[in-house]
Every structure is written in C-alpha cells, then in structure tokens.
2 protein chains.
Amino acid sequence: MTAPSDSVVRAWTRLERAHRAALATVEGRLKEAGLPPLAWYDVLLELERAGAPGLRPFELQKAMLLAQYNLSRLIDRLEAQGHVARAASEDDGRGQVLAITAKGRAMRRKIWPVYAAAIEAAVGAHLSPTEARALGDLLERLYPPRS
Amino acid sequence: MTAPSDSVVRAWTRLERAHRAALATVEGRLKEAGLPPLAWYDVLLELERAGAPGLRPFELQKAMLLAQYNLSRLIDRLEAQGHVARAASEDDGRGQVLAITAKGRAMRRKIWPVYAAAIEAAVGAHLSPTEARALGDLLERLYPPRS
DNA sequence: TCCACTTATATGCAATTGCATCTAGTGTGC
DNA sequence: GCACACTAGATGCAATTGCATATAAGTGGA
C-alpha cells in the first residue's frame with residue numbers, strides 16, 4: 001500500500017469538486033424544469049438501448065454502479081409512474097426483466113433537451129473539444145468499461 | 001444554448017462513472033475501517049487548515065460545495081461527537097465561528113492513512129504521474145478555484 | 001429612524017439512502 | 001434427490017438529504 005502522490009491526491013480532490021459542481025448544475029436544471037432526477041434518465045436510457053430483450057435489474061445495477069437496494073427502489077418509483085414494466089424472467093425464477101414503456105420513452109425524450117443544455121453548461125462550456133476528449137479518456141482509465 | 005458535442009457528453013458520462021466508482025471505493029474502505037464518512041474528513045481538514053481564526057459555516061459551505069442545510073446538520077453531528085466547536089461570531093450577530101478540537105484533530109489524523117490508501121487504490125493505481133497531473137488540470141477547468 | 005431587502009443559520013417534514021437481513025430460486029457435489 | 005453455498009431481488013428500520021420555510025441579524029436608503 002503505497003501512499004498516493006500529491007498529484008494523485010489533487011486529481012481525486014478535483015474529481016470530487018468538479019463532479020459536485022457539475023451535478024448540482026445538472027440536477028438543478030432538471031428540477032427547475034419540473035423534471036425527475038438524473039437517475040431516472042439513466043435507467044430509461046439504458047432500457048431504451050437494451051431494446052426488446054430488456055434488462056435484468058442486476059445488469060442495470062452493474063451498468064449504473066448503483067447499490068442493489070437503491071436500484072430496487074428506483075425501479076419501484078419508475079414502475080409506479082408507468083415508465084418501466086417489470087416482468088418475471090423466463091429463464092430465472094428469481095429474477096425479472098425490465099422494459100421501458102411508451103410513457104418511459106416519452107419521458108426520456110422530454111428530459112433530454114434540458115439535460116443536454118445542462119451538460120453543455122456544466123462541462124462543455126469550460127473545455128475545448130480536444131480537452132473534452134482528453135478528459136473523457138483519462139476518466140475512462142479510472143473505470144474501464146469491461147474491466 | 002448549444003447542444004453538447006459527443007465528446008462533451010462522453011466526458012460527463014465518464015465523470016459520473018469514475019466518480020461513483022472511486023467514491024464507492026473510498027467510502028467503502030472508511031466504513032470497513034470503522035471510520036466516519038468522507039464528509040467528516042473534509043470538514044476537519046478545512047478547519048485544521050483554517051487555523052486559529054476558524055471558519056464561518058458559510059465559508060465552509062463554499063469550500064465544500066455543500067447545501068446549507070446539509071452543512072448545518074453535518075456540523076451538528078461533528079459537534080455532538082466533540083470534533084468541532086461552535087462559537088458565536090464576534091463581528092456578526094447572526095453567525096458562528098467553527099473550530100476544530102483536539103479530538104477532531106486526532107480523528108482527522110486517524111482517518112488519513114485509510115483515506116490515503118483508498119485514494120491510491122481508486123485513482124493512483126490507474127494513472128501515471130503525468131496522467132494524474134493532466135487529469136487534475138482538466139478537472140480544475142470545470143470548477144476553477146476563485147472563479 | 002424606519003422599512004424593505006438581503007444574508008446567516010436552523011428546522012419540520014417528506015423522500016431517499018444505507019444497512020442488515022429476508023425470501024426464493026440456482027447450481028454443485030455427492 | 002439432498003445439503004449447502006451462492007445469486008437475484010425485496011424490505012423494515014435508522015440515518016441522511018432535500019425542500020420549504022422560519023428566525024434573527026445586517027444593510028442601504030428615504
């Protein structure tokens with residue numbers, strides 16, 4: 001267990017700070033617009049991308065890095081609003097399969113313009129295209145997809 | 001209101017993901033070690049850095065990007081444990097001045113090794129020194145100190 | 001001085017999160 | 001076919017967060 005160098009500590013500190021600031025902007029804009037929180041969008045997007053086969057909750061959990069009980073309740077709320085549908089899994093008696101509904105799709109579409117503008121304000125406005133790409137690449141190192 | 005480019009959206013998405021992963025590591029390590037959550041450390045560090053004059057809650061709030069009511073209660077908890085002391089402000093009848101106690105200092109020192117190891121695991125282990133520096137610089141652009 | 005406005009902090013209450021644990025299936029070795 | 005360890009998901013309860021608003025004090029004029 002090596003001690004982190006100053007530059008690593010600094011990177012971590014900035015990561016926290018930048019994330020907090022950007023998230024506050026994004027969540028704030030969504031709320032102002034009377035829209036649901038960001039997590040709803042993420043679920044809807046994942047489900048929309050998954051297409052017809054849908055997704056198992058545990059897959060969504062990995063994709064979103066959410067705690068299991070948190071996701072379970074997030075789905076409760078989305079289901080209560082009619083944005084997603086739960087169905088028993090054919091293959092696995094313990095599990096379910098989630099699918100986005102038409103209403104869910106509509107909600108995702110409605111959120112996007114506000115969300116997009118917020119991303120631009122919180123991130124895009126501060127970086128050149130080259131910097132944005134570089135930042136994305138570096139951050140990806142911290143959590144490589146398919147790690 | 002321009003739409004964000006793909007690279008900007010990607011940077012934002014990775015920011016969320018990287019932050020969530022790193023934070024989970026850090027908070028997890030603290031909990032395993034029976035230590036309080038990260039926010040406690042941040043407050044204690046800021047107060048220790050502030051030295052004798054202490055800090056007003058609103059200053060801490062800006063430094064930590066915390067919501068006002070959240071900080072108010074965080075201080076409640078820290079005070080209840082004897083880690084910080086509240087005193088009425090001399091200059092401003094509405095306000096208070098916060099100071100870290102000896103117990104608070106001890107707690108901060110106790111947290112640091114665990115926290116440091118977690119930062120190294122969550123961030124340092126994935127980046128070269130050059131990359132860490134580059135990441136810190138880019139993130140700083142998103143929330144420039146003294147903006 | 002008085003008033004309207006702003007700033008600093010606290011707080012009641014509802015929603016969300018975290019923790020620990022529960023239930024119900026699955027799979028494996030025998 | 002059984003015992004056992006493991007995975008998927010839900011849930012009761014406590015802690016935290018978010019929201020709206022309250023209280024109290026500072027500030028800048030008319």
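Quick caveat: nothing in here was measured; it's all calculated off a predicted structure.
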Handout entry: Side-chain heavy-atom pair B:Val84, B:Leu44 within 4.5 angstrom cut-off
Key = yes

Exercise for the section: Return the value, rounded to whole Å, for the distance between atom CG of A:Leu65 and atom P of C:dT17. Expected result: 15 Å

Exercise for the section: Examine C:dT9: is either OP1 or OP2 under 4.0 Å from a nitrogen or oxygen in the side chain of B:Arg73? Give yes or no. Expected result: no

Exercise for the section: For B:Lys110, look at atom NZ and say whether over 12 heavy atoms of other residues, nucleotides or ligands are found less than 6.0 Å away. Expected result: no

Pairs under 3.5 Å (N/O, protein and nucleotides 6-9 of chain D):
residue : atom : partner : partner atom : Å
D:dT7   : O2   : A:Arg94 : NH1          : 2.6
D:dA8   : O3'  : A:Arg56 : NH2          : 3.3
D:dG9   : OP1  : A:Arg56 : NE           : 3.4
D:dG9   : OP1  : A:Gln96 : N            : 3.2
D:dG9   : OP2  : A:Phe58 : N            : 2.7
D:dG9   : O3'  : A:Gln96 : NE2          : 3.4

Practice task
For the residue pair A:Gln81 and A:Trp40, establish whether any side-chain heavy-atom pair is separated by less than 4.5 Å.
Solution key: yes

Practice task
Take atom CD of B:Glu32 and atom P of C:dA20, then tell me their distance rounded to the nearest Å.
Solution key: 12 Å

Practice task
Side-chain contact test, heavy atoms from C-beta onward, threshold under 4.5 Å: evaluate it for A:Arg17 versus A:Leu15 and give yes or no.
Solution key: no

Handout entry: Under-4.0 Å salt bridge between B:Arg86 and B:Asp76
Key = yes

Handout entry: A:Asp137 vs B:Arg10, salt bridge (charged side-chain N to carboxylate O under 4.0 Å, His left out): CA-CA, chis, key distance, verdict
Key = CA-CA 9 Å; A:Asp137 290 347; B:Arg10 208 181 86 100; 2.6 Å; yes

Practice task
Whole angstrom is fine here: how far is it from CG in B:Leu71 over to C1' in C:dA10?
Solution key: 12 Å

Handout entry: Whole-Å distance separating the CZ atom of B:Arg20 from the P atom of C:dG18
Key = 10 Å

Exercise for the section: Mind calculating the distance between CG (A:Leu23) and P (C:dT16) to the nearest angstrom? Expected result: 15 Å

Problem - Phosphate-side-chain proximity, B:Asn70 and D:dG18, N/O vs OP1/OP2 below 4.0 Å - result: yes

Handout entry: Length of the OH-C1' vector between A:Tyr69 and C:dT16, whole Å
Key = 11 Å

Problem - Euclidean distance, atom CZ of residue B:Arg77 to atom C1' of C:dT9 [Å, nearest integer] - result: 16 Å

Practice task
For B:Asp91 and D:dA25, give me the distance from atom CG to atom P, rounded to whole Å.
Solution key: 15 Å

